[in-house]
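Chain letters run A, B, ... following the sequence lines, proteins first and then strands; every chain starts at 1.
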Amino acid sequence: MRDDICNIVENIQIQGEYYLLKIHSEYISARAIPGNFIMISVSSTMEPLLKRPFGIFETDPPYIWIYYQVVGKGSRLVSEFKPGDKISVLGPLGNSFPPVTNQSILMIAGGRGIAPIHFAIKKYQKENKISLIYGARSKHNLNLLDLLKPLTLQVLLLYSDDGSIGKRGNVTTDLRKTIQKSGISITFSCGPDNMFKSIYQVTRELKTRDYASLEALMGCGFGICYSCVIQTRKSGYQKVCTDGPIFDMDEIAW
Amino acid sequence: MVDLSVDLGFICLKNPVIPASGTFGYGEEFLPFFNLDLLGAFILKGIYKNKRMGNPPPRIQETPAGLLNSIGLPGPGMKELKKIIQRVYQSTSTPIIINVCGETDQEYLDVAEYFDGMEEVAILELNISCPNVKSGGRCPAQDDKHTYRLVKQIKQSVSTPIMVKLSPNVTDISAIAISAEEAGADCISLTNTFLGMALDLESRKPVFPNIVAGLSGPAIKPLALRLVWEVANNVHIPVIGMGGITTGQDVLEFILAGATAVQIGTINLVEPAASIRIIKEIKETMEQLEIANLKELTGKLQT
């Protein structure tokens, strides 16, 4: 973990409020593993004050890629970064998805949740069979399909709430069937909180191990401020930044 | 060569920079970023007698150049903290300060006595801004008599030097500072966070379950500077200033206003090695302004 000044290499608008950001960081790109995130300083002034957390989409030493959606003031400022800009980046941060081999892993991504899932597929595809369920509100929110093509996927299922791309429905529409048919033993997921809740209803019943990459309002990203807590079943509040962001879904008090 | 050392009377620090409680974890979290030996001292996250979970989220909200927090002092309890201190002590010879909390006067006393005499502990900072269950939720810092009673009781029971951390949420902060001094406090630190609020218009509810929250960060610097200046003019013990410090120049301003040393808070969350940059900036600014040592500047405000 280091706090470095890094160069922005590219900041590509994918569609609407969705962007891919390429950052030069030899240190982070050499060390990051799937699940890790970084904290980015969005302004060189004190306003806004806090860094912002972003999941890592891919490492390509000496570069890292971030896939993000403009949702507020912080990400709006990130979208204005230009190649050559120098920004302060802290990372790599957080824990990672569990190490597994020779398993059938089902990856589940909701909207911008594709970021850590994409990184996980890249790293896990050599030693595991990977399937992907990717859903969003509409085709406007479901991006980067070109980047999924080179991946080795057993099954790829796309869903949108409005049916504008893939099947009408959401990531849980055919979840039970997919887990049973494809012999899935473990799932990795990332998306909004209500998505985790509906996934967990299915995986709990099927006794499928499920690891979720959680988002939280973060202050520091390295365990100091105790802001980003989530209620767990047995261990009280846990910090999403250092105890997570990856949690066994059984541990969370949904 | 400029001299950055400061003398609190009962202890000399190699420089005036002290990371503040609640923004520096238990010290060890900062080992990946710098050597703790570079600091003047550092203060651990506030500790109660028993383990505490803290407040339900959300716990923070950003404000213009500031941060509202309602963390609720989660912590492992004093026994677990003792083990952590023994571990951190292996990594540094810098003075370690414990931030002592309590829901009752007795709890403050129990925690202070528990750490008293530990060779690893240089100073006990009393966080008198904790809501007191026997005073209807009012904190000792809001009442000069309560402050006097609490500080006196602790001074009579422990030999470790006491730093009393004041709250800005009072009518007359000097009266509280004088009470702490009369009760035997060895030094005073200020200021803790300013009470604030954040609201959600749509739900017509406060953002924080606790309704109110504490404001920190650069936004409060002018307010804190005024309070430090006022208190330093009214007590004879050293004052440790804090509130929105982010640069070496800020530190020198607090010292000019009357502080002997300073605490660095919110900026630690944003820039883990901020304290080290600030120490460098103090040195550079002193050289520029031809200030040989900090004593030369302390309280020398020309009014």
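- Looking at B/L44 and B/N99, their side chains never come closer than 4.5 Å, going by heavy atoms from C-beta outward.
- Relative ring orientation between A/F97 and A/Y124 is described as perpendicular, the plane-to-plane angle rising above 60° on a 0-90° scale split at 30° and 60°.
- Between the side chain of B/N268 and the backbone N or O of B/G265, at least one donor-acceptor pair lies under 3.5 Å.
- Using a 4.0 Å cut-off between a side-chain N of Lys or Arg and a carboxylate O of Asp or Glu, B/E103 and B/R52 qualify as a salt bridge.
- A cation-pi arrangement is absent between A/R52 and A/F54, since the terminal nitrogen or guanidinium carbon is not both under 6.0 Å from the aromatic centre and inside a 45° cone about the axis.
- In this structure, the side chain of B/N15 engages the main chain of B/V17 through a donor-acceptor pair within 3.5 Å.
- The candidate with the highest count of non-hydrogen atom pairs below 4.5 Å against chain B, out of A/M39, A/Q231, A/M1, A/R2, is A/M1.
- The residue among A/T45, A/I230, A/I224 with the most heavy atom pairs within less than 4.5 Å of chain B is A/I224.
- In this structure, the portion of B/F24 lying under 4.5 Å from any heavy atom of chain A is its backbone and not its side chain.
- Listed here is the closest heavy atom pair of B/C130 and B/L73: SG-CD1, 4.4 Å.
- Under the 6.0 Å distance and 45° angle rule, B/R59 counts as a cation-pi partner of A/Y237.
- Residue B/I60 touches chain A through both its backbone and its side chain, counting heavy-atom pairs closer than 4.5 Å.
- Below 4.5 Å, heavy atoms of chain B meet heavy atoms from A/L90, all part of residues 55-90 of chain A.
- Options B/Q61, B/M53, B/E62, B/K45 differ in how many heavy-atom pairs under 4.5 Å they form with chain A, and the most are formed by B/E62.
- Scanning both residues, B/T246 and B/I267, for their nearest heavy atoms gives CG2-CD1, 3.9 Å.
- Heavy atoms of B/E271 lying under 4.5 Å from chain A belong to its backbone as well as its side chain.
- For B/P74, the part lying under 4.5 angstrom from a heavy atom of chain A is the side chain only.
- Only the backbone of A/M218 comes within contact range of chain B, judged by heavy atoms closer than 4.5 Å.
- Proximity to chain A (any heavy atom under 4.5 Å) is restricted, for B/T63, to the backbone atoms N, CA, C and O.
- Remark: side-chain polar atoms of B/S21 are paired, donor with acceptor, to backbone N or O of B/G46 under 3.5 angstrom.
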